[in-house]
Enquirer: 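Below is one structure. I have some questions about it.
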Amino acid sequence: MSAAPPFNPVPVAYQGGSASVPDWLNKGDNAWQMISATLVGLQSVPGLVILYGSIVKKKWAVNSAFMAFYAFAAVVLCWVVWAYKMSFGDKLLPFWGKAGPALGQKFLIKQAALPATTHYYHDGSVETAMATPFYPMASMVWFQCVFAAITLIILAGSVLGRMNIRAWMAFVPLWLTFSYTVGAFSLWGGGFLFHWGVMDYSGGYVIHLSSGIAGLTAAFWVGPRSTKDRERFPPNNVLLMLAGAGLLWMGWAGFNGGDPYTANIDSSMAVLNTNICAATSLLVWTWLDVIFFKKPSVIGAVQGMITGLVCITPGAGLVQGWAAIVMGILSGSIPWFTMMIVHKRWTLLQKIDDTLGVFHTHAVAGLLGGTLTGLFAEPELCALFLPVTNSRGAVYGGSGGVQFLKQLVGAGFIIGWNVVVTSIICVVIDRVIPLRMPEEELLIGDDAVHGEEAYALWGDGEKFDYTKHGFGLYEDDTLHPKTSTGATQVV
């Protein structure tokens, strides 16, 4: 009579080698990837929802927050139905993957793999194997989804305060499909820029340069805000704006720390560099505001934080700490100069109403970060992450000079594609749905567009009517001087 098998008190769901814990699964990597995805998701909802709803004039608070809220939901559905595989699936064209759903059980529970990422030498032998992280496809799909979503939400910052919400609802899936997926596949999913060796650690080009250029382009086609809004557009809640900015900053740990697709030492470097650069950039921007405008602007500090986060993104795990400081100094000063000086003197930028200055905070900072990565990418750190062996920045000699040129070419492709495709999308939508709100909606704001208001308070420049509110025998007809040097005052 054989002995009974030993009793195992651990449920099958937790046992290694079971269907729910296959041999290839690394629970630590999977946990970090899911946490990173959640952190990036929190940057959008509620991070940018709060920031957008607070940084704009009161009459646009609801509409601005809702544009971000809607975009997040729309991207999630489009992503799993067709867009994920266009970005990270099998190659259809050198810059595009084959569309298809990421919904089936068999696909989502198997080990994650990016099929077009196998890197070959010129003789056809394998240089770097296909990217196959030690967690399921479901984790990869969701992690990449929140990146796609925040890109659309960043873009929205350029057209707040006048884009027709119905046109925006059509714009989101079209731009995701025909612009974002191209950049993502080309640079990350195994496209031609990926195999050529263009460096974009976590989205300086795929996310920030593309959203900044597309935002400026969309702002051109949508047209400007009302004259009254362009002249005076104060934030309605500075403290809540800082809360949204804080979620954005802390969430960037997942943004850059999750991109090695594993909880390794490169991930730790990326998180530390991200905070070094963001802090340096914030301080430099604030000092410049004090020197030239005599006051430290809170909006300006938020912008400096954002430009630092954006600038370090393409090189977060590829540069040393001292380089992160240099990048922070430059990201706190060059976008400040383009926003405060160049913007006010360049007629073209004056004509295009980029509501939150997304061109400066994301396109300029993203381009700056990508080119600086081509200078400062350290060879040993590159070897921890990049598929092209012996990669390095220009300051380390060797092939570094060519790398810098590759970074410029990669940026040129992203810029050109987004200008053309965003223009086509806007023109096509405008033939069906007006891109810009009608004048009566522009005059009233949220109440006309949504039938809702952000606060049950008076005071968006209109006169106070004490007969309606029952207290105070005065009217608020004070004209407040413009003191902010922030993004909402760039025009």
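Reckoned from all heavy atoms, side chains included, excluding hydrogens, waters and symmetry mates. Residues: numbered from 1 along the sequence shown.
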Enquirer: Can you measure from CG (Leu435) to CZ (Phe171) and round to the nearest 0.5 angstrom?
Expert: 9.0 Å
Enquirer: Locate the shortest heavy-atom distance separating Ser158 from Leu216; write the atom from each residue and the value.
Expert: OG-N, 4.0 Å
Enquirer: Any side-chain donor paired with an acceptor under 3.5 Å for Asn237 and Ser54?
Expert: no
Enquirer: Where is the tightest heavy-atom contact between Gln407 and Tyr205, given as atom of each residue plus distance?
Expert: O-OH, 2.8 Å
Enquirer: Take the angle between the ring planes of Tyr201 and Phe385 and call it parallel below 30°, perpendicular above 60°, tilted in between.
Expert: tilted
Enquirer: Can you say whether the rings of Trp417 and Phe95 are parallel (under 30°), tilted (30 to 60°) or perpendicular (over 60°)?
Expert: tilted
Enquirer: Hey, what's the ring geometry for Phe192 with Phe413, parallel, tilted or perpendicular (30° and 60° as the breaks)?
Expert: perpendicular
Enquirer: Taking atom types as modelled and ignoring hydrogens, do the side chains of His360 and Thr338 form a donor-acceptor contact shorter than 3.5 angstrom?
Expert: yes
Enquirer: Going by the angle between their ring planes, with limits at 30° and 60°, are Phe66 and His450 parallel, tilted or perpendicular?
Expert: perpendicular
Enquirer: With distance as the sole criterion, is a donor-acceptor pair present between the side chains of Trp60 and Asp229 under 3.5 Å?
Expert: yes
Enquirer: So that I can tick it off, tell me whether Arg230 and Asp353 are bridged by a salt bridge, with the cut-off set at under 4.0 angstrom between side-chain N and carboxylate O.
Expert: yes
Enquirer: When rounded to the nearest 0.5 angstrom, what is the spacing between CG in Asp447 and CD in Glu441?
Expert: 11.0 Å
Enquirer: Have Trp336 and Asp289 got a donor and an acceptor in their side chains that come within less than 3.5 Å?
Expert: yes
Enquirer: I need the Phe233 CZ to Lys59 NZ distance, nearest 0.5 Å.
Expert: 8.0 Å
Enquirer: Please confirm whether the ring centroid of Phe147 lies under 6.0 Å from the ring centroid of Phe255.
Expert: yes
Enquirer: Would Thr177 and Trp82 count as a side chain to side chain donor-acceptor pair (under 3.5 Å) if you check the C-alpha gap in whole Å, the side-chain angles of each, and the deciding distance to 0.1 Å?
Expert: CA-CA 8 Å; Thr177 302; Trp82 70 80; 2.9 Å; yes
Enquirer: With no hydrogens and no angle check, just 3.5 Å: does a side-chain donor-acceptor pair link Asn418 and Ser210?
Expert: no
Enquirer: So, Trp249 versus Asn275: side-chain donor-acceptor pair below 3.5 Å or not?
Expert: yes
Enquirer: For Ala61, is there any backbone N or O sitting under 3.5 Å from a side-chain donor or acceptor partner on Asp446?
Expert: yes
Enquirer: Test of understanding: with side-chain contact (heavy atoms from CB on, under 4.5 Å), list the residues that count as partners of Leu42, not counting sequence neighbours.
Expert: Thr38, Pro46
Enquirer: Rounded to the nearest 0.5 Å, what separation is found between the CH2 atom of Trp79 and the CE atom of Met86?
Expert: 10.0 Å
Enquirer: Once you round to the nearest 0.5 Å, how far does CD of Gln320 lie from CE of Met269?
Expert: 7.0 Å
Enquirer: Distance check, rounded to the nearest 0.5 Å: Phe185 atom CZ versus Leu193 atom CG?
Expert: 11.0 Å
Enquirer: Is it the case that the ring center of Trp252 lies less than 6.0 angstrom away from the ring center of His208?
Expert: yes
Enquirer: Regarding Ser331 and Ser281, is there a side-chain donor-to-acceptor distance under 3.5 Å anywhere?
Expert: yes
Enquirer: Would you call the rings of Trp175 and Tyr180 parallel, tilted or perpendicular, where under 30° means parallel and over 60° means perpendicular?
Expert: tilted
Enquirer: Would you check if there is a donor-acceptor pair between the side chains of Trp285 and Ser333 at a distance under 3.5 Å?
Expert: no
Enquirer: Considering non-hydrogen atoms only, spot the tightest contact between Thr422 and Ala218 and give its length.
Expert: CG2-N, 4.0 Å
Enquirer: Can a cation-pi geometry be assigned to Lys91 and Trp96, taking NZ or CZ under 6.0 Å from the six-membered ring centre and within 45° of the ring axis?
Expert: no
